[in-house]
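First the structure, in the form of structure tokens, and then the observations on it.
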Number of protein chains: 2
Amino acid sequence: MAVQGDRRTAILRCSADLFARQGVASTTVRQIADEVGVLSGSLYHHFPSKDAIVNEVVTAYLDLLLSRYREVMAVDRTPRERLEQLIAASLRVAESEPSATVVYQNEMSYIRELPQYEAVKAAAAEVQQTWLSVIEDGRADGSFRDDIDPRVFYRFVRDAVWLSVRWYRPEGPYTVERLAADCASIFLDGYAAFDPE
Amino acid sequence: MAVQGDRRTAILRCSADLFARQGVASTTVRQIADEVGVLSGSLYHHFPSKDAIVNEVVTAYLDLLLSRYREVMAVDRTPRERLEQLIAASLRVAESEPSATVVYQNEMSYIRELPQYEAVKAAAAEVQQTWLSVIEDGRADGSFRDDIDPRVFYRFVRDAVWLSVRWYRPEGPYTVERLAADCASIFLDGYAAFDPE
DNA sequence: GTCTATACTATGATAGAC
DNA sequence: GTCTATCATAGTATAGAC
């Protein structure tokens, strides 16, 4: 049964890579089959449709992300520390699942049309709620500014964090932990030089 | 000749809207023709191919953006002011050309395969060089931090700015100028509360 | 400048042999 | 569980009448 699962997993992995590189709509079932090393008809033994593959790539990704967010929220920390941890957790997930991250970021219009979209929507809502609750907590205790809408701040952070999959390469000396620290520092302390007074 | 240009323009506008909503690959020439109000064969009187439409949407967009950036850089200002102006100019372009902005942000993998990609690449390089020169100037004169790579800062700002087309709606009371001010304030001063000492 | 009609290709998916 | 063969559909693009 390890073997049985492997082929399924290979299909998901190859699909995610192709979806991320070319877009879901431009990726054909024949390309996926080629990459896996089977013929296109064989895919339909494992999945009922191409859309089912897309759906599983996205839901597996959101499940992983949410489990990491829940770990962060399970520990008692300040809002600032939690925000730093959410950024770091997100970047680590993006590092370990770059293709699925790209698919989720780029293919929302496709995902929205999937029959199983409601489950995705619920997970996405929990993701957003996690960030917003941390930001609201920081506003409430005075550690974050109260002159800018938390939702605006959330969206800027979210987009900057997730779009890093388009350019960040974990191979170099610039580690994901350093990237996370820089990101948190810019968003919390700003890029202007600190006033030396 | 006003009429002649109008149909061409209508094709470009409708195409950009559909490309932004559904993605380029998922948009068919028949859909475009429907939206314009002609039959699909008629499109080929104005454009040699669907890809030619995509190309013109993107290049017209980059031309507009670069002309705004050049206006900003033509005036003598501090790096901080210039950064604020680049953010504001970008958000104004995103407001006036939301569909083209979305297409350019979402469809890079498609655009890269176009035969005329080199021109797009050159324009994109000038965009990036504009931002980077302003950031480097700010580092040089001590108004920006020197402990974070300018390219990292640039990418965070760029992605946060451009992805705002996915969520910002100019109809409400939250104006694009206010959005630009909030964005610049977060990225330069940070979201942490100012220390009251 | 637009329409009609159609050529050609590629697509997602299926049925049945192995 | 995979392959062969194929269906039905939909795609871009073209030729020529109007």
Side-chain angles (χ1 to χ4, degrees), chain A residues 1-58 103 106-107 109-117, chain B residues 1-58 103 106-107 109-117:
Chain A
M1 35 189 73
V3 178
Q4 179 185 22
D6 273 356
R7 181 51 53 98
R8 235 189 101 88
T9 308
I11 293 170
L12 288 169
R13 196 169 29 77
C14 293
S15 299
D17 290 350
L18 287 164
F19 292 160
R21 277 212 303 277
Q22 318 176 337
V24 173
S26 308
T27 301
T28 71
V29 292
R30 282 179 243 273
Q31 280 182 298
I32 297 171
D34 277 359
E35 198 88 348
V36 174
V38 295
L39 287 182
S40 66
S42 306
L43 295 179
Y44 291 84
H45 176 75
H46 302 277
F47 295 93
S49 69
K50 173 181 162 181
D51 284 356
I53 300 178
V54 178
N55 186 70
E56 192 154 329
V57 166
V58 170
V103 172
N106 287 350
E107 304 284 343
S109 61
Y110 195 102
I111 294 167
R112 224 187 314 271
E113 304 304 318
L114 294 175
Q116 308 91 331
Y117 173 57
Chain B
M1 33 192 73
V3 177
Q4 181 183 19
D6 273 355
R7 182 51 54 96
R8 236 188 99 89
T9 308
I11 293 171
L12 287 170
R13 195 169 31 77
C14 293
S15 298
D17 291 350
L18 287 164
F19 292 161
R21 277 212 302 279
Q22 318 175 338
V24 172
S26 308
T27 301
T28 70
V29 291
R30 283 182 244 270
Q31 279 182 299
I32 296 171
D34 278 0
E35 198 87 348
V36 174
V38 295
L39 287 182
S40 66
S42 308
L43 295 179
Y44 291 85
H45 176 76
H46 303 278
F47 295 93
S49 69
K50 174 181 162 182
D51 284 358
I53 300 178
V54 178
N55 186 71
E56 191 154 330
V57 166
V58 170
V103 171
N106 286 351
E107 304 283 344
S109 61
Y110 195 102
I111 294 167
R112 226 186 314 270
E113 304 304 319
L114 294 175
Q116 309 90 334
Y117 173 57

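In what follows, every heavy atom counts, from backbone to side chain, and hydrogens, waters and symmetry copies are set aside. Residue numbers begin at 1 in each chain, while the letters A, B, ... track the order of the sequences.
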Nearest to side-chain heavy atoms of B:Arg7, which nucleotide of D:dG1, D:dT12, C:dT2: C:dT2
Nucleotide D:dA13, atom P - distance to CG of B:Leu39 in whole Å: 17 Å
Spacing of B:Asp34 atom CG relative to C:dC3 atom P, expressed in whole Å: 11 Å
Criterion side chain to side chain donor-acceptor pair (under 3.5 Å) on B:Gln22 and B:Thr27, from CA distance to verdict: CA-CA 6 Å; B:Gln22 318 175 338; B:Thr27 301; 3.3 Å; yes
Beyond-backbone contact of B:Tyr117 with B:Asn55, side-chain heavy atoms, under 4.5 angstrom: no
Among A:Val38, A:Val57, A:Leu43, A:Asp6, side chain to side chain contact (heavy atoms under 4.5 Å, CB included) partner for A:Ile11: A:Leu43
Residue B:Val38, side-chain heavy atoms: nucleotide from C:dA13, C:dC3, D:dT2 that is nearest: C:dC3
Spacing between B:His46 atom NE2 and D:dA13 atom P, to the nearest angstrom: 15 Å
Any A:Ser42 side-chain N or O less than 4.0 Å from OP1/OP2 of D:dG1: no
Residues in contact with DNA chain C, drawn from residues 22-30 of chain A - heavy-atom cutoff 4.0 Å: A:Thr27, A:Thr28, A:Val29, A:Arg30
Short side-chain N/O contact to C:dG1 OP1/OP2 from B:His45, under 4.0 Å: yes
Integer-rounded Å distance: C:dG12 C1' and A:Leu114 CG: 15 Å
NZ/NE/NH1/NH2 to OD/OE distance under 4.0 Å, A:Glu56 and A:Arg8: yes
Student check: side-chain heavy atoms of B:Ile53 and B:Phe19 closer than 4.5 Å: yes
Position toward the 5' end of DNA chain C (nearest nucleotide), A:Lys50 or B:Gly41: B:Gly41
Whole-Å distance separating the CZ atom of B:Phe47 from the C1' atom of D:dA13: 16 Å
Atom-to-atom span, CD of B:Gln31 to P of D:dT12 - whole angstrom: 9 Å
Whole-Å distance separating the OH atom of B:Tyr44 from the P atom of D:dT12: 6 Å
Value in whole Å for how far the C1' atom of D:dA13 lies from CG of B:Leu43: 11 Å
Flag side-chain contact, heavy atom, 4.5 Å: A:Lys50 against A:Val24: yes
Flag side-chain contact, heavy atom, 4.5 Å: B:Asp34 against B:Gln31: no
